[in-house]
Amino acid sequence: MKNIENNLEVIKYTLAGVIFGIIYPFLSTFIELIEFDLPLNLSNFLYVQQQNPLLWIMDSALLVLGFFGYQVGVRQQKLIFQAANLERLVNERSEEILRQKLFYEALVENSPIAIVTLDQKHQVVSINPAFQGIFGYRSDEIMGKNLDDLVSDPDNKHEAIKITKGVMAGKTMHEYGKRRRKDGTLVDMEILGEPININGKRIGVLGLYRDVTLEKQAREELQTSEKRFRRMFEDSPIALLLEDCSKLKRWALEVQESSGVGIREYLEDHPQEFSNVCKLREIISLNSASLFLFRAKDKADLQANLCQILTDESRETLIDIICAFLDGETTLEREMVYKSLDDKKIYAITKLSILPGFEDSWNMVLFSNMDITERKLSEDRLSYISLHDMTTGVYNRAFYEEEMTRMESGRLRPISILVGDIDDLKKINDEYGHQAGDVALQLIANILKDCIRSEDVVARIGGDEFSILLPNVNEDFAQQVKQRILDQIGAHNQSKNEAFPISLSIGCGILNKGDLFSDVFKQADARMYQEKQEKKNNIK
């Protein structure tokens with residue numbers, strides 16, 4: 001529609017030019033007819049036109065004025081278009097200014113921050129509802145008054161004056177301090193003072209106040225809590241280390257990407273690279289219990305020896321931990337074996353936790369090491385006692401019977417059984433005392449252990465009775481073992497280290513496929529007693 005209106009404007013001015021272009025030649029010719037007193041008709045009109053060359057020029061007025069009218073119409077069209085655009089632009093700008101005005105008014109009115117505008121004399125021009133809510137003043141109570149006189153802390157008024165002077169000098173001031181409510185109570189505030197400048201001229205000041213009472217309380221509580229937990233960290237009997245393992249994670253990921261295998265497989269193929277695992281861990285902080293546990297002088301001493309305190313027994317466990325963390329675990333608990341800097345073995349329950357917020361980076365990993373060395377040694381001792389004869393150090397009857405059951409259910413055959421009984425142990429006890437009897441038991445046990453393989457089992461199954469289980473040993477080899485034992489006993493007696501000789505009667509049985517252990521044991525036991533009886537008969 002606008003285009004049609006604009007085109008009509010061009011047509012209108014063009015037609016006007018054409019009409020004027022027609023009128024001028026007609027009037028000129030009419031004047032000539034009157035001047036020559038000729039009647040007004042078409043023939044005279046054409047005659048005059050032909051006789052006067054000047055009228056030919058006048059006839060071109062049709063084209064000239066028509067073209068001139070067209071140009072005027074185009075120009076008018078442009079002026080109308082520009083006027084319309086200018087009007088639209090003015091309307092849009094006015095609407096935008098109005099929109100911004102309403103937006104900023106709504107922003108100020110609904111802001112939770114107390115906002116006040118001041119003139120050059122630091123007198124209040126306007127306040128928002130948040131200011132009224134925080135300070136308790138209505139607009140009519142505060143308008144036109146000096147702000148510092150109303151809200152500054154009476155005991156620290158110079159602080160408010162300092163801010164005022166800074167803002168009035170054209171500076172942006174950002175401070176924290178106390179401000180006074182209408183009822184006289186003081187509030188902790190974050191204060192921002194900003195000069196208001198228009199066209200380079202300062203016309204006033206904008207003041208913003210944010211109530212930070214709760215934040216300050218929370219910050220103080222956090223500081224108190226941090227001090228409390230720092231004290232708990234320092235005084236904890238459990239060895240605590242906070243480490244930055246971010247370099248370790250980056251190294252592990254780079255190794256996996258470049259090698260194409262998992263970190264476990266990589267370290268198995270490149271065991272020399274394991275030292276990187278410790279070197280890439282950085283101690284952030286540690287408590288005194290950690291220094292005591294590892295016998296380190298200080299943090300730097302422990303940092304320099306992180307590789308040394310990890311024993312070979314715990315390397316696989318540490319690799320498990322790295323793999324678990326790479327798989328997304330954030331809390332783990334493992335039993336670790338360390339070595340203190342004075343070369344003592346340490347057994348510890350180690351709990352590792354990636355602190356919240358650092359799961360992706362491993363920047364904060366807490367190691368909690370609870371020393372269980374005494375407990376572990378006690379458990380090992382109890383385990384040893386439960387399986388061994390305390391007089392001789394060989395296995396006891398309970399372990400021996402468990403091994404018999406295990407071997408009987410297995411497929412390994414043959415299994416040889418040697419059953420031995422010390423000769424005249426009662427006589428040794430009676431003549432030399434029970435301590436000598438214990439020595440005899442220990443001597444026999446040591447000879448038995450010296451004559452067997454690591455996979456064989458020797459046990460004390462009675463007061464003076466021993467038995468040996470020889471897996472995958474036939475009767476010929478068993479007889480060789482028996483003879484070796486007897487030869488060593490004879491060699492010992494010839495040394496005359498003790499005041500009494502020792503002697504052992506030995507019977508042998510062979511467990512083949514389909515046999516029962518109980519039957520073979522009885523057979524070996526019977527042969528042992530038969531040998532003992534033959535010795536007695538020979539003495540008589």
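This is a predicted model, so every value here is computed, not measured.
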* Asked: Going through the distances and angles, do D301 and N305 end up as a side-chain hydrogen bond (donor to acceptor under 3.5 Å, both in side chains)?
  -> CA-CA 6 Å; D301 188 25; N305 292 282; 3.2 Å; yes
* **Candidate pair S361 and S246, rule side-chain hydrogen bond (donor to acceptor under 3.5 Å, both in side chains), full reasoning** => CA-CA 5 Å; S361 64; S246 57; over 6 Å; no
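Within the structure, ring-ring contact (aromatic ring centres under 6.0 Å, His included) pairs that include any residue of residues 116-165 comprise F131-F135, F135-Y209 (at least two apart or interchain). Applying the ring-ring contact (aromatic ring centres under 6.0 Å, His included) definition to pairs two or more places apart or across chains, those involving residues 164-205 are H174-Y176. Pairs of residues two or more places apart, or lying in two chains, that qualify as salt bridge (charged side-chain N to carboxylate O under 4.0 Å, His left out) and include a residue from residues 189-200 are E190-R210.
A donor-acceptor pair shorter than 3.5 Å can be found between the side chains of N369 and Y338. A donor-acceptor contact closer than 3.5 angstrom links the side chains of Y400 and S467. No side-chain donor-acceptor contact under 3.5 Å links T317 and D320.
In the displayed structure, E257 atom CD is contacted under 6.0 Å by at most 12 heavy atoms of other residues, nucleotides or ligands. Within 6.0 Å of NZ in K344 there are 12 or fewer heavy atoms belonging to other residues, nucleotides or ligands. Within a 6.0 Å radius of CZ in R381, no more than 12 heavy atoms belonging to other residues, nucleotides or ligands are found. A 6.0 Å sphere centred on NZ of K182 holds more than 12 heavy atoms belonging to other residues, nucleotides or ligands. Within a 6.0 Å radius of CD in Q435, other residues, nucleotides and ligands contribute 12 heavy atoms or fewer.
The CG atom of L469 lies 5.0 Å from the CE atom of M407; values are rounded to the nearest 0.5 Å.
With respect to K351 and E333, no salt bridge is recorded, no charged nitrogen being found less than 4.0 Å from a carboxylate O.
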